[in-house]
Amino acid sequence: MVDVGGHEVRQSAQAVAPRARFARLVMTSLPISVVATLAGFGVFTFVNNYIVNTLGYSNAQWTAASLWLVGSMALWPFLITEITPRLGRRRTVALALACAALFFAAMAFTTSFPVICGLLIIIGLVLPVNVVAWFPMVAEVGGALPGRAIAIHQFIGALVSVVTLWAGKTLLQGMSYQHAFLLFAGVCMLCAIIFARQARPFDAIAPRRVVGLRQIRREDVRRLLFGPFLVIVLLGLSMEPFNFHTLNQLFPNLARDAHQLSNGAIADVVALGRLPALLSLPIMAWIIDRMRPVQVYGICVLCDAACIIALGLAVGVTPLIFAYLGFYLFHGFVWGSNSASVTAVVPAHLRDAAFALLSVSQLVAVFLVGVFHNRLLTAGMSLPQLFVTCGVIGACAGVGLLLYSLRLPAKG
């Protein structure tokens with residue numbers, strides 16, 4: 001009886017430990033998601049409005065300024081992979097969150113276009129560090145369920161983005177952008193402190209040595225560059241920006257110029273439009289580790305692209321909003337399957353290097369899509385035409401990824 005009881009106790013402890021890790025993951029995801037929302041959606045919404053409406057710069061100038069942000073994001077991963085082995089993942093992420101506080105504090109005191117472009121380089125650190133330093137730790141915390149762990153984090157991110165953007169929109173109704181940016185700076189610094197404390201137990205849960213880009217072996221390089229990982233990067237993560245970057249960067253401009261929505265209405269749509277992702281991400285968290293994530297990823301990239309095309313073709317506000325909601329319904333599945341696709345085809349010891357490479361590739365692609373936007377708008381293409389063009393390109397990529405996934409074994 002004692003032996004059986006002891007065995008049951010050990011089994012119970014083993015069963016509770018993963019649950020405790022996932023609970024800690026939820027609490028740790030909250031602060032990093034707040035800052036990631038402000039650094040991503042917040043910049044493309046609030047800073048976009050500030051630059052175009054308050055400071056009076058054009059849509060083309062906004063796309064040019066955003067290239068400084070996206071260009072720096074494509075270079076930051078190389079530095080992150082050098083910093084992370086020295087500081088550790090947790091401290092590296094906390095440092096990036098503090099840099100977001102510096103960005104918003106400085107934005108409150110400048111109207112100079114060149115200075116704003118320089119500040120966008122600083123905020124560009126946040127999103128790459130989320131992928132390069134944080135996602136590999138999330139996957140390790142998930143243990144045998146890395147896809148579920150990533151999907152849970154993405155769900156928290158989607159939930160936080162809705163709340164953060166709604167709160168930001170409400171605050172801006174009663175205060176100036178300068179005061180709001182100072183408030184955002186304080187929130188980011190508080191989140192950096194909370195994250196550093198909440199994530200401390202993960203140093204022991206995920207103690208694997210971080211392997212930077214310069215430390216990977218030649219045979220591992222061949223495995224990354226001549227296998228499924230490369231195809232996922234080229235057809236998936238490098239082509240996604242034709243969908244999500246088009247939406248993030250230019251939806252406010254499309255809604256203002258082509259549909260005459262007010263800034264308040266646009267902020268409402270941007271904040272609440274992510275609610276459908278809160279439906280799709282829990283589904284993905286439950287099923288992704290039992291499915292072929294690459295196949296799911298290809299299907300959802302295709303569906304995303306269809307919604308981008310629908311946004312460009314929308315006649316009237318109601319179809320526009322439904323297309324926006326549809327995009328985030330499917331993009332929740334994209335969030336839950338893109339990183340899971342990588343973990344499914346890459347060995348655990350290569351995850352840090354793989355996430356760094358995919359981050360660089362995706363951000364270079366975002367930069368090039370930004371140049372694509374800027375050139376076509378400068379040449380006179382309308383915003384609706386640009387949405388349709390980008391959606392068609394994204395759809396072709398989704399079809400290609402879906403067809404390739406049929407060749408992979410069940411694990412992929």
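The analysis underlying the following values was restricted to heavy atoms, covering all of them including side chains, and did not include hydrogens, waters or symmetry mates.
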Quick one: does Pro384's side chain get under 4.5 Å of Leu254's, heavy atoms only? yes
So do Phe242 and Phe372 actually touch side chain to side chain, heavy atoms under 4.5 Å? yes
Test side chain to side chain contact (heavy atoms under 4.5 Å, CB included) on Leu119 and Leu102; report intermediate values, then the result. CA-CA 9 Å; Leu119 291 174; Leu102 174 64; over 6 Å; no
Contacts of type ring pair (Phe, Tyr, Trp, His ring centres under 6.0 Å), residue Phe327, not counting sequence neighbours: His331
Backbone N/O of Arg89 and side chain of Thr84: donor-acceptor pair under 3.5 Å: no
May I ask you to decide if the ring planes of Phe135 and His153 are parallel, tilted or perpendicular, using 30° and 60° as cut-offs? perpendicular
Please find the pair of heavy atoms, one from Pro31 and one from Ile194, that lie closest to each other, and give the distance. CG-CG2, 4.1 Å
Can you check side chain to side chain contact (heavy atoms under 4.5 Å, CB included) on Phe109 and Val115, steps first, answer last? CA-CA 10 Å; Phe109 296 102; Val115 173; over 6 Å; no
Can you confirm whether Met239 sits close enough to Val301 that some side-chain heavy atom of one is under 4.5 Å from a side-chain heavy atom of the other? no
In this structure, CG of Leu67 is separated from SG of Cys117 (nearest 0.5 Å) by 9.0 Å
Just so I know, are the side chains of Asn48 and Asn253 near enough to count as touching, which here means a heavy-atom distance under 4.5 Å? yes
Whether the side chain of Trp76 engages the backbone of Val126 through a donor-acceptor N/O pair (distance < 3.5 Å, no angle test) should be reported. no
Under 3.5 Å donor-acceptor, Ser72 side chain and Leu69 backbone: yes
Which heavy-atom pair separates Ser58 from Val52 by the least distance, and what is that distance? O-CG2, 4.2 Å
Once you round to the nearest 0.5 Å, how far does CG of Leu275 lie from CG of Leu329? 11.5 Å
Roughly how far, to the nearest 0.5 Å, is the SG atom of Cys303 from the CZ atom of Phe330? 4.5 Å
Of all heavy-atom pairs linking Leu127 and Gly40, the shortest is CD1-CA, 4.1 Å
Do Cys188 and Leu97 come close enough that some side-chain heavy atom pair is under 4.5 Å? no
Tell me the closest heavy-atom pair linking Pro252 and Ile266, and the distance in Å. O-CD1, 3.5 Å
Please name all residues satisfying salt bridge (Lys or Arg N to Asp or Glu O under 4.0 Å) with Arg90, sequence neighbours left out, ordered by chain then number. Asp203
Does Arg24 reach the main-chain N or O of Ala199 with its side chain, forming a donor-acceptor pair under 3.5 Å? no
Heavy-atom pair of closest approach, residues Ala365 and Pro241: CB-CG, 3.9 Å
Test side chain to side chain contact (heavy atoms under 4.5 Å, CB included) on Trp134 and Val129; report intermediate values, then the result. CA-CA 7 Å; Trp134 177 236; Val129 87; over 6 Å; no
Once you round to the nearest 0.5 Å, how far does CG of Leu95 lie from SG of Cys99? 4.5 Å
Does the side chain of Leu311 come within less than 4.5 Å of Ile308's, by heavy atoms? yes
Are more than 12 heavy atoms, taken from residues, nucleotides or ligands other than Phe322, located less than 6.0 Å from that residue's CZ atom? no
Of all the heavy-atom pairs spanning Ala192 and Ala98, show the shortest one and how long it is. CB-N, 3.9 Å
Sub-3.5 Å donor-acceptor pair from the side chain of Thr81 to the main-chain atoms of Phe78, do we have one? yes
Measure up the Phe104 and Phe181 rings against each other and bin them: parallel (under 30°), tilted (30 to 60°), perpendicular (over 60°). tilted
Between Arg292 and Tyr297, is there a side-chain donor-acceptor contact under 3.5 Å, judged purely by atom types and distance? no
If you measure from CZ on Phe387 to CG on Leu247, what distance do you get to the nearest 0.5 Å? 6.0 Å
Are the side chains of Gln295 and Leu402 in contact, using a 4.5 Å heavy-atom criterion? yes
Mind checking the CG-OG1 spacing from Leu376 to Thr389? Nearest 0.5 Å is all I need. 7.0 Å
Just wondering, are more than 12 heavy atoms of other shown residues or ligands nearer than 6.0 Å to CE in Met381? yes
Given Tyr50, which of Trp62, Tyr177, Tyr57 fulfils the ring pair (Phe, Tyr, Trp, His ring centres under 6.0 Å) condition? Tyr177
Checking Glu240 against Val334 for the side chain to side chain contact (heavy atoms under 4.5 Å, CB included) test, could you report, in this order, the C-alpha distance in whole Å, the side-chain angles of both residues, the deciding distance, and whether it holds? CA-CA 9 Å; Glu240 269 188 49; Val334 170; 3.6 Å; yes
Would the distance check show the side chain of Arg86 and the main-chain N or O of Glu82 forming a donor-acceptor pair, the cut-off being under 3.5 Å? yes
Report yes if the side chains of Val294 and Pro228 come closer than 4.5 Å at any heavy-atom pair, otherwise no. no
